[in-house]
Undergrad: 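So that we are looking at the same thing, I have put the structure below in structure tokens.
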Amino acid sequence: MTTTDTGGPQSALPTPSHTVGPFYGHALPFRGGEDIAPLGHPDSVTVHGYVYDGEGRPLPDALLEVWGPDPEGRVPTADGSMRRDPASGGFLGRNGVEFTGFGRVQTDADGHWYVRTLRPRARGRSAPYLGVCVFARGLLVHLFTRIYLPDDGTVLASDPLLSRLAADRRDTLVAGAEGEGTYRFDIRLQGEGETVFLEFQ
Amino acid sequence: MTDVLTQADIDEEIAAAHAAYEKRVADGAPVEHHPRRDYRPYRSSVLRHPRQPLVAIDVSQDPELIELSSPAFGERDITEVDNDLTRQHTGEPIGERITVSGRLLDRDGRPVRGQLVEIWQANAAGRYAHRREQHDAPLDPHFTGVGRTLTDTDGHYRFTTVRPGPYPWRNHVGAWRPAHIHFSVFGSAFTQRLVTQMYFPHDPLFPYDPILQSVTDDAARQRLVAAYDHSLSVPEFSLGYRWDIVLDGPRATWTEEGR
Ligand SMILES: [Fe+3]
């Protein structure tokens, strides 16, 4: 297939974003979406938390996507996050062997979510983090943020993003260690302790 | 905030937001292709948008950012009938069959290949197959309203479905959503992620809908409306609609072949 550069830079105007609305629940979530780590992998971590609105109420209808590198810092290239059964059309779940690096989870009725994935290793000049994309009813354009793991303070201090944030804002991007490879990361969409959200340019 | 919010109240807010945008642009502000997250006529946004400015990340400073890559999806992630929403049950769904097709492109107009496109929609009566759905229009046992496909080597996608009905919602008294299909799309970079909605041409509900009107730029809003395309219509079977999707957001241009 020939690739033709038809336009030059920025020749196509973007399709506007819209909210995910309230009714994505029978379409986007998939079985095992939150269980990204291969079964029994020794380098697994669990990250969990709540998503809150501007009045501190948890959102029962938010959807998070998590995307991160493997423990060697490589970009995962395996597909199969949402492996399907060709007979029934249903979701088979991941194969428990390959690491796709991608997870999708909706908050439960209490606004709580979790993912189990592999511990990301640093890439480039950044400290280790998981990329996150937040969707919700009421949110007209998704929001990007990052989950930094707290274990190495020196590495965090030299991270190009964290190092240019005020301390209180920076802390919203660093998960809290709860021991046994479990971390807490709450997302506040608005108001006190508002999470730092990112714009890629 | 008043207890009973009428369409007239919402119309006024929509007009004010539109006028404010036109004035900003006239005064030299850049065109806004996307809604503002604090678009008040859509009431659910009020407590769910950040008040702090977003923190900018210049991706050219670090090609290793994980957000410059994207998760992989493949043949294992879809089944044969995923892009035909009329064949996912034992019987035929009720409604007007349609073919929806277009290309997935980046801001340079280049095709985005092999990426996942997911859709969901109400049935022909305007009812979602979702437990939380309160609208008492009939469910269709032969229609779930969920589809998936991967874009081909030219960036094309194609779905066969039925035209969704409009449905009421509780933003204000008498709120109705124009008929639409929800789309979720991945690009070659996570930064290009897009969730949006496709509309049908000439829907009389457009001016009343605070979700569509949250895109205050007239030209940008038009890009959410599919075009009837007779060449996509399948004789004796379906009517065709064309809708191209252009992904915003930076990507890793230095890894592109031939550059
Ligand atoms: Fe909808």
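All of these numbers come straight from a predicted model, not from anything done at the bench. Letters go in sequence order (proteins before strands), and every chain restarts at 1.
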Undergrad: Against chain A, work out which of B:Q121, B:R221, B:R193 has the most heavy-atom pairs shorter than 4.5 Å and name it.
TA: B:R193

Undergrad: Using a cut-off of 6.0 Å, state whether more than 12 heavy atoms not belonging to A:E72 lie near its atom CD.
TA: yes

Undergrad: Check whether B:E80 gets within reach of chain A through its side chain, its backbone, both or neither, counting any heavy atom under 4.5 Å.
TA: neither

Undergrad: Mind telling me whether B:Y128 and B:H180 have parallel, tilted or perpendicular rings, with 30° and 60° as the class edges?
TA: tilted

Undergrad: Fit a plane to each ring of A:F144 and A:F200, take the angle between them on a 0 to 90° scale, and name the class: parallel (under 30°), tilted (30 to 60°) or perpendicular (over 60°).
TA: perpendicular

Undergrad: Take B:Y39 and B:R37 through the side chain to side chain donor-acceptor pair (under 3.5 Å) test and state the conclusion after the steps.
TA: CA-CA 6 Å; B:Y39 186 76; B:R37 293 183 182 85; over 6 Å; no

Undergrad: Quick one: are the ring centres of A:Y50 and A:H112 less than 6.0 Å apart?
TA: yes

Undergrad: Parallel, tilted or perpendicular for B:F73 and B:F186, by the 30°/60° rule?
TA: tilted

Undergrad: For B:V215, is it the side chain, the backbone, both, or neither that has a heavy atom closer than 4.5 Å to a heavy atom of chain A?
TA: side chain

Undergrad: Less than 4.5 Å to any heavy atom of chain A: does that hold for the side chain of B:R148, its backbone, both, or neither?
TA: side chain

Undergrad: Where does A:P69 contact chain B at under 4.5 Å (heavy atoms): side chain, backbone, both or neither?
TA: both

Undergrad: A:Y24 versus chain B, heavy atoms under 4.5 Å apart: side chain, backbone, both or neither?
TA: both

Undergrad: Sort B:H33 into side chain, backbone, both or neither according to what part of it lies under 4.5 angstrom from a heavy atom of chain A.
TA: both

Undergrad: Do you know which of B:R177, B:E118, B:E67, B:H49 has the most heavy-atom pairs under 4.5 Å to chain A?
TA: B:E67

Undergrad: With a cut-off of 6.0 Å (strictly less than), are more than 12 heavy atoms of other residues, nucleotides or ligands near CZ of A:R164?
TA: yes

Undergrad: Can you say whether B:L194 sits under 4.5 Å from chain A via the side chain, the backbone, both, or neither, judging by heavy atoms?
TA: both

Undergrad: Is it the side chain or the backbone of B:S69 that comes within 4.5 Å of chain A heavy atoms, both, or neither?
TA: both

Undergrad: For the ring pair B:F200 and B:Y241, is the centre-to-centre distance below 6.0 Å?
TA: yes

Undergrad: For atom CD of B:E75, is the number of surrounding heavy atoms from other residues, nucleotides or ligands below 6.0 Å larger than 12?
TA: no

Undergrad: Based on non-hydrogen pairs under 4.5 Å, which of B:H130, B:R48, B:Q61 is most in contact with chain A?
TA: B:R48

Undergrad: Taking side chain as everything from C-beta outward and backbone as N, CA, C, O, which of these in B:V146 sits under 4.5 Å from a heavy atom of chain A? Side chain, backbone, both or neither.
TA: side chain

Undergrad: At a heavy-atom separation under 4.5 Å, does B:D82 approach chain A through its side chain, its backbone, both, or neither?
TA: side chain

Undergrad: Could you tell me which portion of B:S214 (side chain, backbone, both or neither) has an atom closer than 4.5 angstrom to a non-hydrogen atom of chain A?
TA: side chain

Undergrad: Which bit of B:L65 comes within less than 4.5 Å of chain A, counting heavy atoms only: side chain, backbone, both or neither?
TA: both

Undergrad: So which part of B:S70 gets closer than 4.5 Å to some heavy atom of chain A, the side chain, the backbone, both or neither?
TA: backbone

Undergrad: Tell me, out of B:I245, B:L224, B:D58, B:L247, who's got the most heavy-atom pairs with chain A below 4.5 Å.
TA: B:L224

Undergrad: Hey, would you say the B:F183 and B:W243 ring centroids sit under 6.0 Å apart?
TA: yes

